[in-house]
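Inspection log for the structure reproduced underneath, given as structure tokens.
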Amino acid sequence: MSNHLDTLLQEQRLFEPSQSFRQQANFSDPSIYDRASENPEEYWAEQATYLDWFEPYESVCEWDPPHAKWFVNGKLNAAYNCVDRHVRKGKKNKVAIFWEGEPGDSRAITYGMLQKEVDVAARMLQSLGVKKGDRVTIYLPMIPELPISLLACAKIGAVHSVVFGGFSAKALRERILDADSKVLITADAGYRRGKPIPLKANADEAVVDTPIEKVLVVERFGKDAGIEMKENRDIYWAELAAKVSREPLAAEPMDAEDILYLLYTSGTTGKPKGIVHTTGGYLVGANTSLRSVFDLKDDDVFFCTADIGWVTGHTYIVYGPLSAGSTVVMYEGSPDYPGRDRFWDICEKYGATILYTAPTSIRMFMKWGPEYVKQHDLSSLRLLGSVGEPINPEAWMWYHEHIGQGRCPIVDTWWQTETGCAMIAPLPGLVATKPGSATKPLPGIFADVVDEEGQPVEPGNGGYLVIRKPWPSMLRTVWGDDERFRNTYFGKFEGVYLPGDGAHKDKDGYIWILGRIDDVINVSGHRIGTAEVESAMVSHPSVAEAAVIGRSHEIKGQAITAFVTLREGVESSEDLVAELKQHVVEKIGAMARPEEIIFTAELPKTRSAKIMRRLLRDIAEGRVLGDTTTLADPSVVDELKSRYKESD
Ligand code: ATP
Ligand code: MG
């Protein structure tokens, strides 16, 4: 990947941490980077003191590539660390979760209340026969019973496997079978723009001929959901809750290496993998990143807009902020319901101090325009985060100006389901940010950019993103398929973790993620990262969002096809096509000139809202579409296929 383009590296804007932010930051001593790289075990051992351990560990890390153990023989419990210990330490009446329902109902759940509800739920699971090590599949909307179910599993040592509530019956079934779960927790239905999502009906279809013996059903929608309850299999949450003991329940002492959860990757690139996370290392990683990247303080109100069905919600709604005894905001529904200002209304209502969202949402807010933001007082915000995809520099600037009002540092956090927590991100009190770059590996993380031989690239060059040393919250394996774990993540460079993303390193050592290696386009020998061309497109005032792919081309090897969504009020035209092509040429160079531009109202996204370029390639090359089960809205593909024909 040496023959790269370097437009992103021409980004000159630099944002230094303000004096006032720097002074109050948790991580304010720049020597932390050197100390952690000289002695990572000491650094992680220091971070581990922020958790309560029932029994101390004997060694920090044992590395037998590709298998790592962290905090060996230490005993702890994740739910105890997220709930019980805070109640013991005087936070009984502190709000743990501000929950906002889509129709406008809300709950403020204190740590004291959370403890009671988690214990009841844990006893319910026990009464259904769930034991330590058993898997429980959870298919719920964003309601309080979702984090409560995770913590209830953790409390008794059961392994949770959350399946995002937007997934189909087929996708749910696949994940139940793979995890071999005996119990499923679901709801009658969830809300999406006021309408029901038929979770229970999907669950009924999914569990046939699976090991599921019991289905626990939360009543969210009520009678209108019109569900059927199957005798001896299905039971209502409230009904069972009324039957179990209200006595406090002791937390199960878990080994640091006992599995905390399975989570299937979002499926942007193919068949989902059951990523295995264990208890001690994962919790240390999650907890540390809240204090370092998010500069979390006791009085912060942390609003992470992700769904708990994704790893971002696991780490940044549940295990990270709650292990730190913080207050989180959890929202059930759609950002445009009932109005396009819903997020801003929530920020204002709860006085959110930290907002963590995805580039796809930011581009949507840009498309809608800033007037919805202006209706609300966002002065409580002090830090903004981004995750999920490379953030286009123009989206970064918009986030900075309109949401952060020029005041809030932005932390662009690169990580994956597999890494458990943020890996490449600025420490906001120490690192100057550049729009579009996730900046540097966090202390104790050995990320680098290497060439085909595994050698570090020279500053200014591109290559494979790798992580050279183990870290506490790394995946331990792929559930039931250690071979796939070895091949996928350690198959290219011996003992070195390969995330599958391409990246550049600039002269200051900053890392710029260019997108997935599989998506890199090769035009006449020039290797072009999707993020570069897409960011160039998005920097045009008419464009809201863009996805580019390489289509086979007789002469050039590949030619670029760009799929473009326009900002509201902009009409597509032949002139605009020519203008956009020219815009890319000016920004990057002639080799990146898109051969064709297709306008579309929507881009195909995964249910975690990431652009699915694999499908766009299939469409452009007229192939039979591959796995589409993780697609959020299948109708987008039909629409695109017909548009593609029109443009031929
Ligand atoms: P699958 O692995 O099943 O194809 P997925 O990779 O979309 O699904 P996730 O673990 O949710 O599943 O996403 C991680 C990926 O998201 C990263 O590998 C990277 O490609 C992208 N990503 C996440 N955060 C960032 C970021 N801040 N900048 C650039 N890319 C990011
Ligand atoms: Mg991935």
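Order of listing sets the numbers, starting from 1, for every ligand and every atom in it.
Applying the side chain to side chain donor-acceptor pair (under 3.5 Å) test to pairs two or more places apart or on separate chains, those with a residue in residues 396-405 are Gln405-Arg407.
One option in Met423, Lys610, Lys273, Glu389 has a heavy atom closer to atom 9 (P) of ligand 1 than any other, and that option is Lys610.
Interface of Asp412 with ligand 1, defined as ligand atoms under 4.0 Å from a residue heavy atom, comprises 26 (C), 27 (N). Counting the atoms of ligand 1 from 1 in the order shown, those under 4.0 Å from a heavy atom of Gln416 are 10 (O), 14 (C), 17 (C), 18 (O).
At a heavy-atom cutoff of 4.0 Å, ligand 1 is contacted by the side chain of Asp501 but not by its backbone. For Pro390, heavy-atom contacts with ligand 1 shorter than 4.0 Å involve the backbone as well as the side chain. For Ile513, every heavy-atom contact with ligand 1 shorter than 4.0 Å involves the side chain, none the backbone. When non-hydrogen atoms are compared, ligand 1 lies under 4.0 Å from the backbone of Thr413 (N, CA, C, O) but not from its side chain. Contacts of Trp310 with ligand 1, taken as heavy-atom pairs under 4.0 Å, are absent altogether.
Residue Glu545 forms a salt bridge (Lys or Arg N to Asp or Glu O under 4.0 Å) with just one option from Lys610, Lys367, Lys605, and that option is Lys605.
Between Lys505 and Asp448 there is a salt bridge, with a side-chain nitrogen of the basic residue lying less than 4.0 Å from a carboxylate oxygen of the acidic one. A salt bridge does not link Glu389 to Arg516: none of the charged side-chain nitrogens sits closer than 4.0 Å to a carboxylate oxygen. Residues Arg613 and Glu534 are paired through a salt bridge, judged by an N-O separation under 4.0 Å between the basic side chain and the carboxylate.
For ligand 1, the polar-atom distance check finds an N/O of Gly388 within less than 3.5 Å of one of the ligand's N/O atoms.
Not a single heavy atom of Ala438 sits less than 4.0 Å from an atom of ligand 1.
Side-chain atoms of Thr312 and Tyr356 form no donor-acceptor pair, as typed in the model, at a separation below 3.5 Å.
Applying the side-chain contact (heavy atoms from CB on, under 4.5 Å) test to Lys469 and every residue at least two apart in sequence or in another chain returns Phe446.
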